[in-house]
Amino acid sequence: MTLAYGKVALITGAGSGIGRAAALHLAAEGFVVGLLGRTESELKAVEHEIAAESGSSKVLVADVADEVAMHNAIETLVRAFGRLDVVVANAGVNGVWAPIDELKPSEWDDTIRINLRGTYLTVHASVPYLKAAGGGSIVIVSSINGTRTFTSPGATAYSVTKAGQLAMAQQLALELGRHRIRVNAVCPGQIETAIDDNTDIRGREKTEVPVSFPAGDIPVTGGEAGSSDDVAALIGFLASDLSRHITGTPVWIDGGQGLLR
C-alpha cells in the first residue's frame, strides 16, 4: 500500500470496465485516485470499494469532451491533493460500426468527440500539473483495432480514433520527454467489459471480410477473453517507476489475438 504514497492518479472512464479495474489497482498500490466519468452512481460505487480497502479517492463528474468541465475537474483534484503524477486516459466508446457510405456524419463526430477529443482534453488539461510535479506518466488506452488489426466490420470511426491515440502518445512522448513525462499506449484485444453496450453495428454483411479464424483465436487462453484486471496490471506497471525508461511505446495486450487477425 505504500509503493506510491503521496502520488495522485487521474483515471477517466473510472466507473466501469478497465477504468474501474485500473482505479482499484492503483489505489491498492498507494495512489490517491481521481475517479472521472459521467455517471456519478458508478463512480461512487468505485469510491466505496476503494475506501473499504483503506484507499483514498475523489469522484469527479465530467464529460471528457467538455473543455470547461475537464479543466474544472482536474483543477479540483489537484486542489484537493496538491499534485498530479499519473494520467490514465481510458474513457471511450465503440460508437457506430457501419459501412462508410451509411455512417452518418453525426455518428462519426460522436465517436471522434469522445475518443479523440476526450483524450486530447484529458492530456491538455493535465500536463501543466504533471510538469509542476517534476514529471509523471500518461497512459492512453487505445486498442488493437486501428493499431494492429483492421478486421472489425464497419469500425472505421473507432479504428481511426484508436490509431490517433497511438499517434498522440508517440508524438507527445518526444514533446514531453524533456519534462520527464512518459507517454505510452495500452492496446487491449478482446476484454470482458461492458463496452459492447455502447456499440451499434449496422450493415455488417456489407463490410465483413469473409475470413475464417481458427477456433480459440486468442492463443494464450484458448479463445477466452482477457480481463480488465489484466489491463489494469499493465497500466499499473506503466504508471510506476518500474517503467521509468519506457515511453512512446504501444503495448498490445491481446493474448496474441492480433497476430491472427
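Just the heavy atoms: all of them, side chains too, but no hydrogens, waters or symmetry mates, feed the values below.
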Report task. Supply the atom-to-atom distance K162 NZ to I140 CD1, rounded to the nearest 0.5 angstrom. Result -> 9.5 Å
For [X] versus [Y], what's the shortest heavy-atom pair and its separation?
{"X": "T247", "Y": "A173", "result": "OG1-CB, 3.4 Å"}
{"X": "H179", "Y": "E175", "result": "CD2-O, 4.2 Å"}
{"X": "I191", "Y": "I253", "result": "CD1-O, 4.4 Å"}
{"X": "L43", "Y": "G15", "result": "CD2-N, 3.6 Å"}

Short question: side chain of [X], backbone of [Y] - any donor-acceptor pair under 3.5 Å?
{"X": "D85", "Y": "V8", "result": "yes"}
{"X": "E29", "Y": "G236", "result": "no"}
{"X": "N90", "Y": "T12", "result": "yes"}
{"X": "E102", "Y": "P99", "result": "no"}
{"X": "S137", "Y": "L238", "result": "yes"}
{"X": "N145", "Y": "S159", "result": "no"}
{"X": "N115", "Y": "V93", "result": "yes"}

Query raised in the report: Considering the options L174, L166, L172, which one meets the side chain to side chain contact (heavy atoms under 4.5 Å, CB included) requirement together with Q170?
Result: L166
Report task. With sequence neighbours excluded, give me every salt bridge (Lys or Arg N to Asp or Glu O under 4.0 Å) pair touching residues 15-27. Result -> R20-E49
Report task. Say whether S106 and D109, considering side chains only, have a donor N or O and an acceptor N or O under 3.5 Å apart. Result -> no
Query raised in the report: Would you call R113 and D63 a salt bridge, using N to O less than 4.0 angstrom?
Result: yes
**Report entry** W108/V160 under side-chain contact (heavy atoms from CB on, under 4.5 Å): CA gap, chis, key distance, verdict
**Finding:** CA-CA 10 Å; W108 169 275; V160 165; 4.1 Å; yes
Report task. Measure up the H71 and H124 rings against each other and bin them: parallel (under 30°), tilted (30 to 60°), perpendicular (over 60°). Result -> perpendicular
Query raised in the report: Are side-chain heavy atoms of L36 and L77 found at a separation under 4.5 Å?
Result: no
**Report entry** Residue pair S57, V46: steps toward the side-chain contact (heavy atoms from CB on, under 4.5 Å) verdict
**Finding:** CA-CA 9 Å; S57 63; V46 179; over 6 Å; no
Query raised in the report: When you look at CZ of R117, are more than 12 heavy atoms from neighbouring residues, nucleotides or ligands closer to it than 6.0 Å?
Result: yes
Report task. Show the numbers, then the answer: is there a side-chain contact (heavy atoms from CB on, under 4.5 Å) between Q165 and L116? Result -> CA-CA 7 Å; Q165 286 178 318; L116 211 48; 4.1 Å; yes
Report task. Please lay out, stage by stage, how M70 and V64 fare under the test side-chain contact (heavy atoms from CB on, under 4.5 Å). Result -> CA-CA 6 Å; M70 287 301 290; V64 291; 4.1 Å; yes
Query raised in the report: Are L242 and V251 connected in the hydrophobic side-chain network, where two residues link if heavy atoms are under 4.5 Å apart?
Result: yes
